[in-house]
S.K.: 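Here it is, the structure in full.
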Protein chains: 2
Amino acid sequence: MAKITIRDVAREAGVSISTVSNALNDVDVLNPATKQHVLEVAERLNYVPNLNGKMLKSGKTMMLGFFTTSVSGPYFYKLIETMSRQCERHGYGLNVFVTKDKQVIMSNILGRRVDGVIIYEELKIDEHDIEIMQKDKIKAVFLDRAFSNDTMGSVTFDSYAAGYEAAKYLIGLGHKRIAYISGVDTMFDSVRRRDGYLAALKEYGLPFDGDYVIQGYFEEDSTFNAIKAFIRMHASKLPTAFLAGNDLSAMGCIQALKAHGYEVPGDVSVVGFDDIDIAQYFSPPLTTVRNPIARQAILTVDHLVRMIQGKEEGQSQTLTGELIVRASSHVPVD
Amino acid sequence: MAKITIRDVAREAGVSISTVSNALNDVDVLNPATKQHVLEVAERLNYVPNLNGKMLKSGKTMMLGFFTTSVSGPYFYKLIETMSRQCERHGYGLNVFVTKDKQVIMSNILGRRVDGVIIYEELKIDEHDIEIMQKDKIKAVFLDRAFSNDTMGSVTFDSYAAGYEAAKYLIGLGHKRIAYISGVDTMFDSVRRRDGYLAALKEYGLPFDGDYVIQGYFEEDSTFNAIKAFIRMHASKLPTAFLAGNDLSAMGCIQALKAHGYEVPGDVSVVGFDDIDIAQYFSPPLTTVRNPIARQAILTVDHLVRMIQGKEEGQSQTLTGELIVRASSHVPVD
DNA sequence: CCTTTTTATAAAAACGTTTTTATGAATTTA
DNA sequence: TAAATTCATAAAAACGTTTTTATAAAAAGG
């Protein structure tokens with residue numbers, strides 16, 4: 001028994017396929033009795049429209065694509081879950097593509113597998129790609145850069161300001177030796193937070209030591225290992241504070257410090273970024289710069305949907321963090 | 001400038017559209033010079049095939065769908081990342097649908113948006129849905145139940161055995177009062193681990209106290225709060241061990257115990273499930289039953305692809321955990 | 001009561017591909 | 001060298017829809 005098509009429904013109901021289509025799509029031109037009858041037949045035959053036919057003809061997939069290099073960690077699942085829910089609210093589905101293969105990304109975008117795209121590709125999509133997308137009037141929202149033109153916008157965090165604020169806060173407490181735990185340099189948020197941190201150091205006349213930027217990959221376990229290595233190298237004179245690129249790093253850092261017998265914040269202060277759900281329950285509860293992730297997710301989807309509907313041009317929106325002071329930071333001891 | 005189609009390429013190259021199609025799809029029937037010329041023209045025009053047309057005609061989307069109720073936590077991102085990579089290896093893309101709306105799920109599956117589906121829907125898809133899918137010869141792999149027929153298989157963990165083993169291990173250490181921290185009852189893994197735990201209790205003649213099953217929702221922070229409440233209620237006579245439904249719960253439980261001044265494993269033992277990446281770096285490192293998540297991901301994708309290729313019928317595969325003893329468990333003190 | 005308008009439905013075209021079939025030229029076979 | 005085969009390409013059909021256009025019947029208008 002082959003797949004039931006609209007043709008089968010039409011034959012069974014004794015009407016034309018256009019009538020079936022109209023009945024199914026609530027186009028108000030039919031005799032109510034006919035419509036009712038068609039719907040009953042469709043139901044009885046368990047008819048489900050083929051989406052590929054639908055998409056081809058209508059030019060709409062009712063899907064948004066999220067292209068990302070990673071789904072690891074609380075940032076992403078909060079983002080994905082919130083975006084999904086918001087998509088559903090607009091009648092769209094969310095398609096998550098986890099890949100770093102630009103070819104895959106571009107052919108899916110330009111091949112119209114989705115009606116609009118959300119991009120978090122750590123800048124792998126370059127000027128030239130954007131130009132190509134623009135020619136095709138692709139609707140897009142970038143999360144990995146501030147950018148806008150008529151069909152593309154962005155919703156980003158002001159990570160530079162966040163880094164600056166966090167560093168300023170620690171400096172204000174009296175810290176003089178502050179290390180930064182970075183991700184890799186392709187992570188724009190990591191880089192911008194670091195730049196903000198550097199700017200604060202400079203502004204307050206603190207020296208910058210290249211050794212004091214530690215690669216933690218934005219992950220808890222990687223940071224744990226990196227900090228253990230760092231402590232072994234710098235045991236004689238440890239920083240009095242660590243500014244971790246995200247909360248996961250902060251947590252890994254604290255675990256490593258504890259494993260070496262240091263108290264947080266007694267001996268060393270640690271500050272993170274994001275304010276992920278666990279941050280407040282961690283021991284000690286984390287001082288961090290809160291990122292409104294859910295807000296970013298909602299603004300992104302809403303903006304994209306409005307662009308698709310032609311109600312809005314692309315715009316670049318910036319979200320600012322909020323310093324949340326908890327127990328992991330303190331005035332320095334020495 | 002409207003979207004470039006295969007027709008435009010054909011006209012520009014002075015050949016028929018079938019020739020263009022053959023050139024692009026490496027069908028070896030063309031004069032190499034013609035093929036070369038067509039490819040050059042396509043390249044010059046920045047032609048990208050419309051996937052909807054392609055999918056409709058060929059009946060293949062080259063996409064697998066992962067339908068899940070959640071993407072939260074290390075289990076899911078390990079699963080999704082590994083599945084994505086494995087899909088790419090087979091030339092497929094992975095489509096992640098995060099939704100609990102059965103209607104959405106079924107219309108995407110039956111509407112052929114994807115060539116095969118991976119299902120983790122906490123049993124929301126029932127017998128009847130499966131019957132419908134079977135009529136359409138949908139290729140599927142279930143992660144949330146053991147099941148198989150000619151076009152559908154499953155790859156699951158033997159959570160019952162894992163729960164049994166973990167409980168037996170604690171009993172063997174001498175623990176008599178062991179609490180279980182569950183997810184919600186729709187989480188099959190939670191339920192089966194609990195059942196294994198109950199079976200072990202029974203086998204070794206330990207009494208079961210209904211109060212000793214605590215709802216932690218498989219999340220770190222929820223468990224943290226639940227255990228704090230539990231401690232307040234049972235401060236006079238605490239269990240000597242907690243068996244947490246997953247590692248996140250174990251971590252939340254340990255944090256709560258610490259917050260109340262209990263030592264782990266000095267005063268109380270805690271055992272988890274999964275062996276997520278952080279488990280070994282946690283303080284104390286977690287005793288846990290390791291789930292081969294990456295293996296599950298790879299087996300799932302491979303099985304699904306082989307079913308799509310018609311090389312294999314559905315089969316039900318079961319993975320077994322491995323008890324990893326670390327520092328969070330110990331013989332009881334009283 | 002004949003013409004015009006409205007209503008309900010059917011027929012046909014279209015979306016952009018792939019695939020099947022047809023065509024004509026070049027090559028081989030007998 | 002006429003017939004058969006192979007090769008290269010073109011033409012046409014098909015995938016399952018939606019949308020546009022056509023048609024016939026019913027209702028309204030003068």
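Values below: all heavy atoms of this structure, side chains included; hydrogens, waters and symmetry mates excluded. Within every chain, numbering begins at 1; the chains are lettered A, B, ... in the order of the sequence lines, protein sequences first and strands thereafter. These numbers were taken from a predicted model, which means no experiment stands behind them.
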S.K.: Take the protein atom CZ of B:Arg7 and the nucleotide atom P of C:dC15, then report the distance between them rounded to whole Å.
M.R.: 7 Å
S.K.: Measure CG/A:Asn50 against C1'/D:dT17 and give the value in whole Å, please.
M.R.: 8 Å
S.K.: For A:Ile293 and A:Tyr75, work out which heavy atoms get closest and say how close.
M.R.: CD1-CD1, 3.6 Å
S.K.: What is the distance from CG of A:Asn22 to P of D:dT21, rounded to the nearest Å?
M.R.: 15 Å
S.K.: Before giving the answer on side chain to side chain contact (heavy atoms under 4.5 Å, CB included), spell out for B:Met83 and B:Leu304 the whole-Å C-alpha distance, their side-chain angles and the decisive distance to 0.1 Å.
M.R.: CA-CA 11 Å; B:Met83 289 196 308; B:Leu304 186 52; over 6 Å; no
S.K.: Between the side chains of B:Gln86 and B:Asp302, is a donor N or O closer than 3.5 angstrom to an acceptor N or O?
M.R.: yes
S.K.: Looking just at side-chain N and O atoms, do A:Thr99 and B:Glu88 make a donor-acceptor pair shorter than 3.5 Å?
M.R.: yes
S.K.: Between D:dA14 atom P and B:Ile17 atom CD1, what is the distance in whole Å?
M.R.: 15 Å
S.K.: Quick one: label A:Gly14 by what it contacts on the DNA or RNA (base, sugar-phosphate, nothing), any heavy atom closer than 4.0 Å.
M.R.: sugar-phosphate
S.K.: Indicate, with a heavy-atom threshold strictly under 4.0 Å, whether A:Thr5 touches base, sugar-phosphate, or nothing.
M.R.: sugar-phosphate
S.K.: Between A:Asn31 (CG) and D:dA26 (C1'), how many Å, whole number?
M.R.: 12 Å
S.K.: Give the nucleotide from the list C:dA10, D:dT9, C:dA14 with an atom nearest to the side chain of A:Ser18.
M.R.: C:dA10
S.K.: To the nearest Å, how far apart are B:Leu24 CG and C:dG16 P?
M.R.: 16 Å
S.K.: Tell me which of A:Tyr47 and B:Ser16 sits closer to the 5' end of DNA chain D, going by the nucleotide each one is nearest to.
M.R.: B:Ser16
S.K.: Under 4.0 Å between any heavy atoms, over every strand shown, what does B:Asn25 touch: base, sugar-phosphate, or nothing? Just pick one.
M.R.: sugar-phosphate
S.K.: Is a side-chain donor-acceptor pair under 3.5 Å present for A:Asp189 with A:Ser159?
M.R.: yes
S.K.: Taking only side-chain N and O atoms of B:Lys54, does any of them lie within less than 4.0 angstrom of OP1 or OP2 on C:dG16?
M.R.: no
S.K.: Return the value, rounded to whole Å, for the distance between atom NZ of A:Lys60 and atom P of D:dT17.
M.R.: 19 Å
S.K.: Specify the separation, in whole Å, of atom CZ of A:Arg112 and atom P of C:dT17.
M.R.: 11 Å
S.K.: Side chain of A:Lys57 only, please: which of C:dT17, D:dT18, C:dA8 is the nearest?
M.R.: D:dT18
S.K.: Hey, does the side chain of A:Thr19 come within less than 4.0 Å of C:dA10's phosphate (OP1/OP2), counting only N and O?
M.R.: yes
